[in-house]
Amino acid sequence: MRKKLEEIAPELLERKKKEEKKELEDLPDVNGPVRMRLAPSPSGPMHLGQSRMAILNDEYVKRYGGTLFLRIEDTNPHNILPEAYDMIPEDLEWLGVKIHQIVIQSDRFEIYYDYARKLLEMGKAYITTVPADEWRKLKAAGKPTPDRELSVEEQLERWEKMLGGEYEDGEAVYVVKTDLNHPNPAIRDWAAFRVIKDAEHPRVGNRYIVYPLMNFSVAVDDHELNLTHVLRGKDHLNNTYRQMYLYEYFQWKKPVYIHYGWVTMKDTILKTSLIKEGIRRGEFSGWDDPRLGTLRALAKRGIHPEAIRRYWIDVGLKSADIEFSWDNLYAYNREIIDSKAKRYFFVWNPREIEIRGIDAIESRAPYHPSKDMGFRHYTLKSPIRVLLVEDEWKSIDDGTLLRLKDLCNVVKRGNIGEYAGNDVSVIKRGAKIIHWCPTEGIETKVFMPDGTVYEGVSEPLVRESIGEVVQFERFGFCKIYYENGKIMGYFAHR
RNA sequence: GCUCCGGUAGUCUAGCCCGGCCAAGGAUAUCGGCCUUUCGAGCCGACGACCCGGGUUCAAAUCCCGGCCGGAGCACCA
């Protein structure tokens, strides 16, 4: 068939090429402005994985208009980094996510308590004093704890005792009734409040000893904030089912839930507890250590927030699990920074080489190969010495003609370079191009995301680009900092 | 074990709901060529996928059934 077509009508086989720019699919059931939320817990600054929900929610609120809440879920005092209350909004601002209102759950204990009491009065919850492991076993067998069917009065009494501090940590738990015979064991009666006396909450201190668990506070707040749409990872699917029981009991209107797939990030350090421990031990320099997957680390390396946004829009919110691709993120970032980044030379493991056969050379190297950004000028005078990458110089055979980029041609003679004119056409004839650095360059360290460090020298004019992303030619894009008289580069990508 | 969610090239994605325009599109990666005073960018090309098996149909990536594989949850974490 195809062969025939080729004979009869080859023009039909011509494919027109068009690049697609992916857009996010529409949200279902949108009637007017949307109300959505981000719900991080303040255990650390934001990382790449969390940026997905932030970007997607932000995109939709911007598309349809409405309100985006930042709800800080700080109902587990054992897992709070106090600085995170400020770090999270900072990270979101860097990402370009527009937050309309911040809600902090630790301000809302009384609201949760009100609903908890109502639910007890409705006979839809109970307080059990059965130890956790025993309770779990009973649930697995589909059996109630003895206190599940106590009267409402007795339950309310227990609730007051709980609030009054008469139970110690772990002695009493408030449980929402669902269905003990639910085929999915994850949905059967779930814990909603527990006693915590052994920790001080960074915001409310010891004012409360009964803390809500995530499923309860989330459902109450989603309802109280009148959310229209909830985007969450599909690891929360069972939590959604659990929360639906509260919606049914209280006859609340349900938001639209969308569960997107799981993202695995190979070789990326995201786990907050691990990072915290690493920082404490001095293994990581801080929350922005270039080896980490925090947004602060990416920012430090010169990854542009727009690249992250494009990446997550490209991925969308389908429910299949995916693997994160640094290559794709870097490609988007390169597209953004390539036309803006100035070019400089950075010579790692440098070796000084003398160029003989000429008294002085003028170098005129463009800041950018295609954009008009002017030139870096250097004048080298006899005795002319330049720095080259030692390994590269060693790998070149004696007598080879080389081009020192934007400087001159040279023939390798042992440890010196013999001046060989400045005719650029030698490149066409196959001369290898290498880069160099004047000896009065500035000491430079470049930190790679894998933890390795390149030490060397970069050209003195790099000082003009402190705080910017530059491209070290033949090396890659780096963001430039200045500390203690040295240039510090954080590597973004090639 | 129980429950749920998935499965399009190495990776990401379009198409699937509403079967035919799919000869499966795009991006990225890799490789090759051109261009370029960078190993960057650009241009051109190559590579490479509908998990498997049945069924329905004139026609299946798309609908149905069975299997296989992957992931998540079954916390007094979020």
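Below, chains carry the letters A, B, ... as their sequence lines are ordered, and counting in each starts from 1. The figures that follow rest on heavy atoms only: side chains count, while hydrogens, waters and symmetry mates do not.
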Open item on the list: Tell me whether the side-chain N/O atoms of A:S370 come closer than 4.0 Å to OP1 or OP2 in B:U36.
Closed with: no

- [ ] Return one dot-bracket line describing RNA chain B 5' to 3' (Watson-Crick or G-U wobble pairs, both distances under 3.5 Å; ( ) same strand, [ ] crossing, | another strand, . none).
- [x] (((((((..((((......[....)))).(((((.......)))))....(((((..]....))))))))))))....

Open item on the list: Please give me every residue in residues 124-137 of chain A whose heavy atoms get under 4.0 Å of an atom in RNA chain B, ordered by residue number.
Closed with: A:V130, A:P131, A:A132, A:W135, A:R136

TODO: Would you indicate which nucleotide in B:A78, B:G73, B:C12 comes nearest to any side-chain atom of A:I322?
DONE: B:C12

Open item on the list: What's A:F477 touching, base or sugar-phosphate or nothing? Going by heavy atoms closer than 4.0 Å.
Closed with: sugar-phosphate

Task: A:D406 side chain, from C-beta outward: closest of B:U37, B:U13, B:G6 - done: B:U37

TODO: Output the single nucleotide from B:U37, B:G40, B:A78 whose closest atom is nearest the side chain of A:R194.
DONE: B:A78

TODO: Fit a plane to each ring of A:W326 and A:Y330, take the angle between them on a 0 to 90° scale, and name the class: parallel (under 30°), tilted (30 to 60°) or perpendicular (over 60°).
DONE: tilted

Pick out the pairs of N or O atoms, protein on one side and nucleotides 68-72 of chain B on the other, that lie under 3.5 Å.
residue, atom, partner, partner atom, Å
B:G71, O2', A:D321, OD2, 3.0

Open item on the list: Rounding to an integer number of angstrom, what distance separates B:A14 and B:G26 when you compare their C1' atoms?
Closed with: 7 Å

Open item on the list: Under 4.0 Å, counting only non-hydrogen atoms across every strand here, what does A:N239 touch: a base, just sugar-phosphate, or nothing?
Closed with: base

- [ ] Please determine if a side-chain N or O atom of A:R334 lies less than 4.0 Å away from the OP1 or OP2 oxygen of B:A29.
- [x] yes

Open item on the list: At 4.0 Å (heavy atoms only), tell me whether A:V315 reaches a base, stays on the sugar-phosphate, or touches nothing.
Closed with: sugar-phosphate

- [ ] Ignoring the backbone of A:K318, work out which of B:C74, B:U8, B:A29 is nearest its side chain.
- [x] B:U8

Task: B:U38 phosphate, OP1 or OP2, under 4.0 Å from A:K432 side-chain N/O - done: no

Open item on the list: Of the listed nucleotides (B:G73, B:A78, B:U11), which one gets closest to any side-chain atom of A:N328?
Closed with: B:U11

Open item on the list: Please tell me whether A:F475 and A:F346 form a close aromatic pair, meaning their ring centres lie under 6.0 Å apart.
Closed with: yes

